[in-house]
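Worksheet: the structure to be examined is printed underneath.
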Amino acid sequence: MTQTLPSKSDSGTAQNVGPSRRTFLKWSGVAAGVAGLAATTTGLGSPSPARAATEGMADADRTVWSACTVNCGSRCPLRLQVKDGTVVRVLPDNTGDDQLGSQQVRACVRGRSIRERIYNPDRLKRPMKRKAGTKRGEEQWEEISWDQALTEIAEKMDDIKARYGNEAFYIQYGTGVLGSTMACSWPPEATPPARLLSLYGGYLDHYSDYSTTAITQAYPYFYGGWVNSNSLDDVANSKLQVMFGNNPLETRMSGGGHVFVSQQIKKENGVRTIVIDPRYSETSVALGDEWIALRPGTDAALIAGMIYVMVEEDLHDQEFLDKYCIGFDEEHMPEGAPKNASYRSYLEGKGPDGVEKTPEWAAEITGVDASTIRRIAREIANAKPCAITQGWGPQRHANGENTARAIFLLACVTGNPGIPGGGTGARESSSGLAIASPFYSQYPNPSDKIISCFSWLDAIMRGPEMNTYNSAVGVKPAPGVRALKVPVDDEGNPENTSLEVPIKALFQYGSNSLVNQTGDNNESVDILQDESMAELVVTCDIMYTVTARYSDYILPGTSTSEEFDFHNGQNGGPMAYGIVSEQAIEPMYETKSIFDICTELAAKLGIEEEFTDGKSREDWLRQTIEESRKEDPDLPTWDEWKEMGIYRRNAGPVVSMTDFREDPEANPLGTPSGKIEIYSDRLATLAQAWDFGTFREKRQGDVITPLPEFTATWEGALEARENEEYPLQVIGHHFKGRTHSSYGNVKVLKEAHTQTAWLNPIDADERGIENGDAVFVFNERGTVQLRAFVTPRIIPGSVSIPQGAWYKPLPSADFSLPEGTNPEKPVDVGGSVNSLTSLHPTPLAKGLPSHTTLAQVTKAGSGALEDIEDRYYEPYSADAVGMSEEN
């Protein structure tokens with residue numbers, strides 16, 4: 001059978017387990033349920049009190065614990081009510097109380113809409129194979145049996161291994177099931193496909209993740225390794241809170257997690273909060289006392305201007321800098337460093353650029369006036385202590401590594417690391433449970449090569465050309481370390497490591513990062529459609545995602561409701577908790593769990609016995625808890641945990657780096673000096689060795705600096721002023737309707753949280769655009785069509801498009817396009833910001849610079865979008881989710 005899309009009206013086979021259409025309509029109340037949920041989605045995430053108090057359907061057959069497992073950073077329990085084999089209600093946590101450390105963990109609108117994911121029109125039902133003679137993305141599929149799918153995949157794997165070796169295998173980055181144990185999708189070494197490929201001989205690994213590539217690589221050169229800041233509840237001890245691009249009330253908006261913790265602290269302690277962000281986020285609205293709007297990617301310049309004031313007025317903590325840091329002034333530099341290479345010399349204009357970093361200099365770059373810079377510099381310096389944190393938006397720029405280090409530096413200059421109420425300048429900590437991982441630690445990856453998570457397309461195109469100097473190819477770090485380890489010779493010079501073969505086989509599980517989440521969607525498609533490069537692309541997911549379109553084989557997985565698992569929680573505060581989810585319903589259609597899929601594929605490859613080690617999925621979960629209890633006997637047993645659903649304890653606030661603060665000699669950091677390195681000798685060495693321009697064309701900002709100084713970049717704030725064709729900076733904020741791209745096809749969320757381009761009234765007026773108008777946002781890489789949201793909540797000169805929307809390209813010939821668009825590229829009516837972004841990486845980490853993008857916006861004309869919306873926004877019905885009277 002051949003079809004263009006997974007059928008939305010297919011009743012399935014006799015083996016499928018699913019409710020009848022009559023039962024589904026009777027018990028789930030589709031129309032009323034959708035309307036009721038939509039009414040709750042206008043808030044920050046917590047359901048209304050009346051709805052929260054409802055205990056659901058009185059005559060439900062049973063209520064089971066489950067969880068929302070997508071990658072928002074939290075982990076929320078859900079209680080699923082089941083009637084006649086159907087999930088009919090989704091209820092919140094009803095345990096705990098309203099006190100910090102023991103609070104209820106109430107899921108946000110995303111988790112509460114999980115029923116609309118379970119019974120979604122896009123659910124994958126049976127294994128499918130791309131029809132011979134068609135290109136990836138042309139969406140011509142042949143339904144096949146599980147045996148055929150896994151047999152053919154195994155045969156292709158054996159062939160690729162024989163010709164290229166195991167370095168040709170790659171597990172694509174993806175965090176769609178990050179919050180599970182046996183169904184985990186990231187990091188690579190903690191996934192069932194990784195165990196399988198490790199037993200098969202290994203695979204090319206990647207370091208870091210799309211959220212944090214630049215900051216992950218910045219940490220080792222400043223703090224010696226990943227160091228979070230204090231937890232959000234510790235802000236109760238602060239005199240001031242300063243948040244750089246930190247937006248937990250949208251990114252981590254569960255009612256019992258970051259939202260509850262931060263709002264409770266604000267309510268009880270009234271700590272003044274300054275939010276520094278190009279966009280007036282929901283965190284700014286609910287927590288902020290002042291919004292400092294700066295141009296995207298200019299945080300390091302703002303910080304230099306503030307520290308200039310602190311030094312000029314003797315407000316900085318010189319004692320802390322002298323005792324715990326190297327590199328701030330000429331008296332505390334590493335041996336052999338050049339003269340005038342300290343950060344103070346950089347501020348005073350004694351460094352190579354000869355420019356004083358006055359507030360007036362910073363104002364010209366950032367758009368924040370000099371008087372404001374002076375005022376907030378004094379306020380931050382005089383607040384003792386001050387909680388300075390950064391979200392992960394500021395580092396998602398082409399100068400992201402330096403931006404991250406600059407915010408760390410501000411915390412150090414004001415003496416805040418290692419004390420209550422202070423912090424490191426990183427993102428907030430969370431209390432957590434120490435949970436073992438026996439299933440994944442048993443067979444580590446025998447291959448030792450590793451690339452940036454953002455470099456996989458380069459490795460497909462030109463793998464053997466990639467090395468340490470031009471692409472940051474490295475050797476595998478220690479387990480659990482996600483930063484690149486650059487090997488050095490006896491004299492401290494970096495050694496060069498190269499890839500031997502290109503990536504030939506891609507495995508994606510719980511990932512929509514093949515196309516949609518990586519960058520430059522249109523170029524990504526061009527690369528993937530060339531079958532002389534990647535020869536095998538396998539996707540396992542629960543949805544027919546954008547990524548699934550561009551695959552060779554699609555394997556339908558089970559949702560959390562169709563399996564059982566363990567989920568370790570995070571909430572930004574003092575409460576540590578974990579959830580055991582129970583299987584609520586039988587697997588729908590012909591779906592299988594990732595454990596079962598890998599077990600069956602392992603059998604085809606002759607390694608099934610080693611893969612399972614003779615244990616079932618539940619055996620491994622039981623062992624996970626048993627081994628965790630050896631270190632923490634207070635944890636419940638597996639059976640006890642299954643009964644209670646969620647276990648919690650108050651672990652108290654997290655205060656980072658206290659040991660180092662108390663005794664830096666006895667507790668040195670992981671830097672060569674053992675101290676905080678404001679000036680990094682290692683980065684000075686890498687700056688000489690790194691090769692820009694031979695593998696990819698060198699651009700402005702492709703530099704590594706020993707200091708966390710501001711660097712102007714390609715398509716950055718300074719270039720935007722001179723670029724008449726594409727004068728607007730584009731960023732892609734996270735918002736309430738999706739977690740990255742997960743939940744991106746849930747209709748009630750799409751209706752409540754529409755995909756729009758945020759545009760300042762000044763920029764809109766110049767272009768004759770009014771709120772709600774259809775617009776084109778475009779550059780040479782692509783064009784998106786969506787509606788304008790005209791608002792003063794974004795700084796002039798910038799556009800913000802919520803990231804994660806599903807890429808939907810239509811031929812450009814179908815549109816009347818304005819001058820400046822690229823007619824060779826399609827028009828993305830899904831509104832994915834990555835149709836505009838670049839594949840050019842950051843300089844040190846080779847990470848994604850998705851907020852470094854320039855574009856133009858023009859009005860698309862009246863009625864331009866209505867037809868597109870009619871074609872792509874279909875209503876829910878029982879038939880649409882593959883249920884019929886006969887099934």
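Scope of the values below: all heavy atoms of this structure, side chains included, with no hydrogens, waters or symmetry mates.
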Test item: side-chain donor near acceptor, [X] and [Y], under 3.5 Å:
X	Y	answer
Asn650	Gln99	no
Asn399	Asn402	no
Ser800	His733	yes
Glu356	Tyr308	yes
Asn228	Ser656	no

Using a 3.5 Å distance criterion without hydrogens, assess whether the side chain of [X] forms a donor-acceptor pair with backbone atoms of [Y].
X	Y	value
Asn571	Gly573	yes
Arg427	Gln390	no
Ser262	His258	yes
Ser208	Ala483	no
Thr212	Thr216	no
Asn667	Asp663	yes
Lys357	Tyr346	yes
Asn568	Leu433	yes

What's the spacing between [X] [atom1] and [Y] [atom2] if we round to 0.5 Å?
X	Y	atom1	atom2	result
Leu707	Ile678	CG	CD1	8.5 Å
Thr403	Phe710	OG1	CZ	8.0 Å
Arg396	Ile731	CZ	CD1	10.5 Å
Arg272	Lys266	CZ	NZ	8.5 Å
Tyr577	Arg648	OH	CZ	9.0 Å

Is the Lys NZ or Arg CZ of Arg682 less than 6.0 Å from the centre of Trp690's six-membered ring, within 45° of the axis? no
Carboxylate-amine/guanidinium proximity below 4.0 Å for [X] and [Y]:
X	Y	answer
Glu290	Arg375	yes
Lys675	Glu665	no
Arg699	Glu719	no
Glu364	Arg295	no
Asp317	Lys323	no
Asp369	Arg374	no

Do [X] and [Y] have side chains that get closer than 4.5 Å, going by heavy atoms?
X	Y	result
Thr671	Tyr223	no
Phe320	Pro417	yes
Leu683	Thr705	no
Cys453	Thr213	yes
Thr175	Asp209	no
Phe735	Gln803	no

Looking only at non-hydrogen atoms, find the nearest pair between Ile215 and Ala404 and report the distance. CG1-CB, 3.6 Å
What's the shortest heavy-atom distance between Leu484 and Gly474, and which atoms? CD1-CA, 3.3 Å
Just distance, no hydrogens or angles: give the donor-acceptor pairs under 3.5 Å from side chains in residues 841-851, sequence neighbours left out.
unit_1, atom_1, unit_2, atom_2, d
Thr842, OG1, Glu401, OE2, 2.8
Thr842, OG1, Lys846, N, 3.4
Thr842, OG1, Gly847, N, 2.8
Lys846, NZ, Pro843, O, 3.3
His851, ND1, Gly732, N, 3.4

Distance flag, aromatic centroids of Tyr343 and Tyr679, threshold under 6.0 Å: no
With side chain to side chain donor-acceptor pair (under 3.5 Å) as the criterion, how do Glu330 and Ser345 come out once you've worked through the C-alpha distance, each side chain's angles and the decisive distance to 0.1 Å? CA-CA 8 Å; Glu330 294 298 312; Ser345 293; 2.7 Å; yes
When you look at Tyr173 and Phe454, which way does the ring pair (Phe, Tyr, Trp, His ring centres under 6.0 Å) test go after all the steps? CA-CA 9 Å; Tyr173 168 80; Phe454 190 58; over 10 Å; no
What pairs of residues pass the salt bridge (charged side-chain N to carboxylate O under 4.0 Å, His left out) test when at least one of them lies in residues 333-350, not counting sequence neighbours? Arg344-Glu348, Glu348-Lys350
With side chain to side chain donor-acceptor pair (under 3.5 Å) as the test, pick out the partner of Gln241 among Asn246, Thr273, Asp289, Asn269. Thr273
One pair to check against side chain to side chain donor-acceptor pair (under 3.5 Å): Trp186 and His206. What are the steps and the verdict? CA-CA 11 Å; Trp186 190 88; His206 66 250; 3.1 Å; yes
I would like to know whether His840 and Asp702 meet side chain to side chain donor-acceptor pair (under 3.5 Å); could you show each step before the answer? CA-CA 10 Å; His840 193 87; Asp702 283 344; 2.9 Å; yes
